[in-house]
Amino acid sequence: MERTHKCGQLRPEHIGQQVALCGWVARRRDLGGMIFLDLRDRWGTVQVVFYPDSPGYAAADAVRSEYVVAVRGTVKAREEGNVNPRLATGAVEVAGAEMEVLNTATLPPFYITDDVRVDENLRLRYRYLDLRRPVMQANLMLRSRVAAIIRNFLLEREFIEVETPILTRSTPEGARDFLVPSRLSPGQFYALPQSPQLLKQLLMVAGLERYFQLARCFRDEDLRSDRQPEFTQVDIEVSFMGAGEFLAMMEDMVRRIFAEVKGAALPKPFPRLSWKAAMEKYGTDKPDLRFAMEITDISSLAAGSQFKVFADAVAAGGSVQGLRATAAFSRKELDQLAQVVAPHGAKGLAWMAVEEEGVRSPIAKFFAPEQIDAIVQAFAARPGDVLLFVADADTFGVALPALGALREHLGRRLGLYSEDQFCPCWVVDFPLLEFDQEEGRYVAAHHPFTAPVPEDVERLAADPASVRAQAYDLVINGWEVAGGSARIHTGEVQQAVFQAIGIDAETARSQFGFFLEALAAGAPPHRGIAFGFDRLVALLAGESSIRNVIAFPKTTSGADLMTAAPSLVDPAQLKELKIRPE
RNA sequence: GGAGCUGUAGUGUAGUGGUCCAACAUGCCUGCCUGUCACGCAGGAGAUCGCGGGUUCGAGUCCCGUCAGCUCCGCCA
């Protein structure tokens, strides 16, 4: 039986036609004298009806859920009253003549429907069944569509797609590498790329000028709902292009994606925010701008209070920061809010409930009435609001991130935004370096090939912390969707940055020698960006985890529950690689 | 490495120390049913209560450990 149509595509225009369909039995309704089958393929579901006098009736009687069948029949209009408006094909049905069972199916361990709330263990164990669910198929189709939009956009602008190796070289800095033992060079290892960073820069040295790749990247770090050990990056690099032109082009691409996929009009241009401003206003470098609620610094007001916690924090060089929530909280709820800031190092969460006749607060007694008034004014607080404070000696490490987490929590809990709203922004002027307490040295905040802001270069040695990077992150709704920078394209600056992060000339030569040679071989000024493709698609799909837009994802412990990877291997394989297990 | 949540028929849940040889819904099986679309009706089968140990006269229930999934912190240039 040759398939002539797709189940989900049948419409009133097909009425009267003989069709042959293939698909899975989504449901079977046996009314005794007649049998209805909901037949599902990738395009949707259509109802097929069999009467006892049709040759296919016996087969229709025997099939069960998820059997694979081919059906021949005639498309008919449904009578008035029998139309199903909830089905795209609901105006028609197929009067089934013949049916062929192409394969039987075991009883599915969970329902193949969109609204199932089933244990994720099971979904991942039987991913091929999970992926039969229409919502999952829609996610994968969306992913493919977004990839196509990106390819078209970039190809239109004369970018070329280049593949870079998966088996490559381990370099210091950055995430933990996945290593692959070399059989031909026993004791030596390839590394899987954390990103094609150096390779795409070398393509610029090679003169390709405009490169992109949907690149698979690997980082051996712990997982999160927005992080998998292997993920896909839209990797982009250009030569001879300033930040203005480049970011405008990337914005155009993102605007096209959101317009075509969501019918959403994103602002032009995207708002820009310095890293410092983002931290001070939102307590994070990836702010969710769908709701206002900004952090207010009341250090100057708190310094003069009798409340030791506040005064001490300011005296120690820190600050007191606060948020205004337009909501009332019970004692228990306030305790829960304290649980939100605690993991970020906040030692407590102070609060003041603003009322008609003053404030109600356990710390009110430490403040003079005019100090209270000043604080209430600083927040423009009105009766019914609650002010929430975190004080800490470490402003950017503790106080602001704690309130940033609280802000996100409150935004979600108080329903301050909707899911179909998209608020992009560029976060710029990141610090180039940050001090790593464990290593006792500065490390690259972005990566060691990020160009410093030119007027800051001279401070690289004397005052590394103050050097800004020519870097930019694209943030949408609190998701870091892309990150990029101008790259260092001269050996001198590259050496200076290596030096600032404690990579001496010898190490630089041995680890990055090929790269330094390339920079000296006529490297053009270049810059680039990389989009977290899984995150972008998840955002567009309205999914809170990228697992739902990846066909075969891993669990939080890095396992693939379907194939049971990772697994032990045959000792002979290890022997061949000259690897001895402990 | 750390914290929290979850784990009970195929699935989703209820069960808060004793009528629990575990309940409800759905799915499954059998029978009936010619306009259903989460079809309906009647009957039936289906559970080492994640795993191990402990407390107790008695544990699905309390305690300790452990495993798995999820969320978060650390980590993620």
Side-chain angles (χ1 to χ4, degrees), chain A residues 26-39 45-53 57 64-66 76 78-87 89-90 93 95 106-126 129 171-177 194-195 197-198 217-229 231 336 339-346 401-402 405 408-409 430 432-434 436-439 442-450 469 471 480 483 485 497 501 503 530 532 544-545 547 553-557 559 561:
Chain A
R27 262 203 166 85
R28 177 175 163 277
R29 289 178 294 278
D30 182 352
L31 271 61
M34 61 193 301
I35 296 169
F36 292 104
L37 297 179
D38 291 340
L39 195 60
T45 300
V46 70
Q47 174 167 279
V48 184
V49 57
F50 282 94
Y51 290 93
D53 55 358
Y57 184 83
R64 292 295 179 265
S65 286
E66 300 306 316
K76 299 225 160 122
R78 294 204 196 185
E79 279 176 39
E80 205 163 337
N82 286 339
V83 170
N84 185 349
R86 282 182 299 168
L87 213 57
T89 61
E93 66 185 1
T106 50
L107 182 65
F110 52 84
Y111 309 116
I112 313 292
T113 59
D114 280 348
D115 55 349
V116 300
R117 289 192 348 273
V118 67
D119 190 77
E120 202 151 346
N121 271 311
L122 272 181
R123 290 180 54 196
L124 293 171
R125 167 77 180 80
Y126 302 98
L129 295 179
T171 50
E173 303 294 305
R176 198 174 293 114
D177 284 319
Q194 298 176 25
S195 88
Q197 182 59 38
L198 290 176
C217 304
F218 306 85
R219 295 179 189 174
D220 188 7
E221 299 291 348
D222 287 359
L223 295 86
R224 287 287 189 285
S225 57
D226 63 348
R227 268 166 35 193
Q228 286 270 313
F231 60 100
Q336 284 168 352
Q339 297 297 308
V340 174
V341 296
H344 298 270
E408 276 169 45
H409 177 85
F430 282 81
L432 183 74
L433 309 168
E434 46 194 38
D436 186 314
Q437 299 288 349
E438 268 176 48
E439 304 236 358
Y442 281 92
V443 297
H446 188 50
H447 57 60
F449 316 104
T450 302
E480 186 193 324
S485 64
V497 169
I501 60 175
I503 298 180
S544 58
S545 168
R547 284 190 303 279
K554 301 198 170 38
T555 69
T556 40
S557 59
L561 296 182

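Chain letters run A, B, ... following the sequence lines, proteins first, then strands; residues in each count from 1. Every value quoted in this text rests on a predicted model; they were computed, and no experiment measured them.
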Asks: From the options B/A68, B/C29, B/C76, select the nucleotide whose nearest atom is closest to the side chain of A/N121.
Replies: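 From the listed options, B/A68 comes nearest.
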Asks: So if I take every side-chain heavy atom of A/S65 and compare against B/C28, B/G35, B/C39, which nucleotide ends up nearest?
Replies: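 Between B/C28, B/G35, B/C39, the one nearest the side chain of A/S65 would be B/C28.
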Asks: Which nucleotide, B/G69, B/A38, B/C73, lies nearest any side-chain atom of A/A559?
Replies: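 Comparing B/G69, B/A38, B/C73 against the side chain of A/A559, the answer is B/G69.
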Asks: Within a strict 4.5 Å, meaning less than it, do heavy atoms of the A/N84 and A/R78 side chains meet?
Replies: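 Yes, at least one pair of side-chain atoms sits under 4.5 Å.
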Asks: Checking base pairs now: Watson-Crick or wobble, both atom distances under 3.5 Å. What partners B/G65?
Replies: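 The answer is B/C51, by the H-bond criterion.
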Asks: Would A/F110 count as stacking on B/U11 if stacking means ring centres less than 5.5 angstrom apart and planes tilted under 30 degrees?
Replies: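 Answer is no, no stack.
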Asks: Output the single nucleotide from B/U34, B/C73, B/G12 whose closest atom is nearest the side chain of A/Y51.
Replies: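 When the side chain of A/Y51 is considered, B/U34 is the closest of B/U34, B/C73, B/G12.
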Asks: Which base, if any, makes a Watson-Crick or G-U wobble pair with B/A3, both distances under 3.5 Å?
Replies: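 Check on B/A3: paired to B/U71, both distances under 3.5 Å.
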Asks: Which listed nucleotide (B/U26, B/C39, B/G69) is nearest to the side chain of A/Y111?
Replies: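 Per side-chain heavy atoms of A/Y111, the pick is B/U26.
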Asks: For the pair A/T171 and A/Q194, evaluate side-chain contact (heavy atoms from CB on, under 4.5 Å) and give the outcome as yes or no after the intermediate values.
Replies: CA-CA 10 Å; A/T171 50; A/Q194 298 176 25; 5.8 Å; no
Asks: Looking at every strand, decide which applies to A/R547 at a 4.0 Å heavy-atom threshold: base, sugar-phosphate, or nothing.
Replies: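 Contact class for A/R547: sugar-phosphate only.
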Asks: Check the phosphate of B/C73 against A/R224, side-chain N and O only, distance under 4.0 Å to OP1 or OP2. Yes or no?
Replies: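 Yes, because at least one side-chain N or O of A/R224 sits under 4.0 Å from OP1 or OP2 of B/C73.
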Asks: Please pick, from B/C76, B/U71, B/U36, the nucleotide with the shortest atom-to-atom distance to any side-chain atom of A/T556.
Replies: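 When the side chain of A/T556 is considered, B/U71 is the closest of B/C76, B/U71, B/U36.
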Asks: So, OP1 or OP2 of B/C72: does either fall under 4.0 Å of a side-chain N or O from A/S225?
Replies: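 Yes, such a contact exists.
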Asks: So what's B/C32 paired with, Watson-Crick or G-U wobble, going by both distances under 3.5 Å?
Replies: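 The base-pairing partner of B/C32, which may sit in any strand shown, is B/G40.
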Asks: How about NZ on A/K554, more than 12 heavy atoms from neighbouring residues, nucleotides or ligands closer than 6.0 Å, or not?
Replies: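 Result for NZ/A/K554: enclosed.
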Asks: The side chain of A/L124 lies closest to which of these nucleotides: B/C76, B/U34, B/C70?
Replies: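 For the A/L124 side chain, the nearest candidate turns out to be B/C70.
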Asks: Identify whether any heavy atom of A/L107 sits under 4.0 Å from a base atom; if not, whether one sits that close to sugar-phosphate; answer base, sugar-phosphate or nothing.
Replies: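 Answer is sugar-phosphate: A/L107 comes under 4.0 Å of backbone atoms only.
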Asks: To the side chain of A/D119, which of B/U71, B/C75, B/G12 is closest?
Replies: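 So the side chain of A/D119 is nearest to B/G12.
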Asks: Can you tell me if the side-chain N/O atoms of A/R29 get under 4.0 Å from OP1 or OP2 in B/U36?
Replies: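 So the side chain of A/R29 is outside the cut-off, no N or O lying under 4.0 Å from OP1 or OP2 of B/U36.
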Asks: So, is A/R64 near the phosphate of B/C28, with a side-chain N or O under 4.0 Å from OP1 or OP2?
Replies: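 Checking B/C28 against A/R64, no side-chain N or O comes under 4.0 Å of OP1 or OP2.
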Asks: Taking only the side-chain heavy atoms of A/E120 (C-beta and beyond), determine which of B/G69, B/G74, B/A38 contains the nearest atom.
Replies: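 So the side chain of A/E120 is nearest to B/G69.
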Asks: Side chains of A/L129 and A/I112, heavy atoms from C-beta outward: is any pair under 4.5 Å?
Replies: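 Side chain of A/L129 against side chain of A/I112, heavy atoms only: contact under 4.5 Å found.
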Asks: Below the 4.0 Å mark, does B/A68 have OP1 or OP2 next to a side-chain nitrogen or oxygen of A/S557?
Replies: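 So the side-chain polar atoms of A/S557 never come under 4.0 Å of the phosphate oxygens OP1 or OP2 of B/A68.
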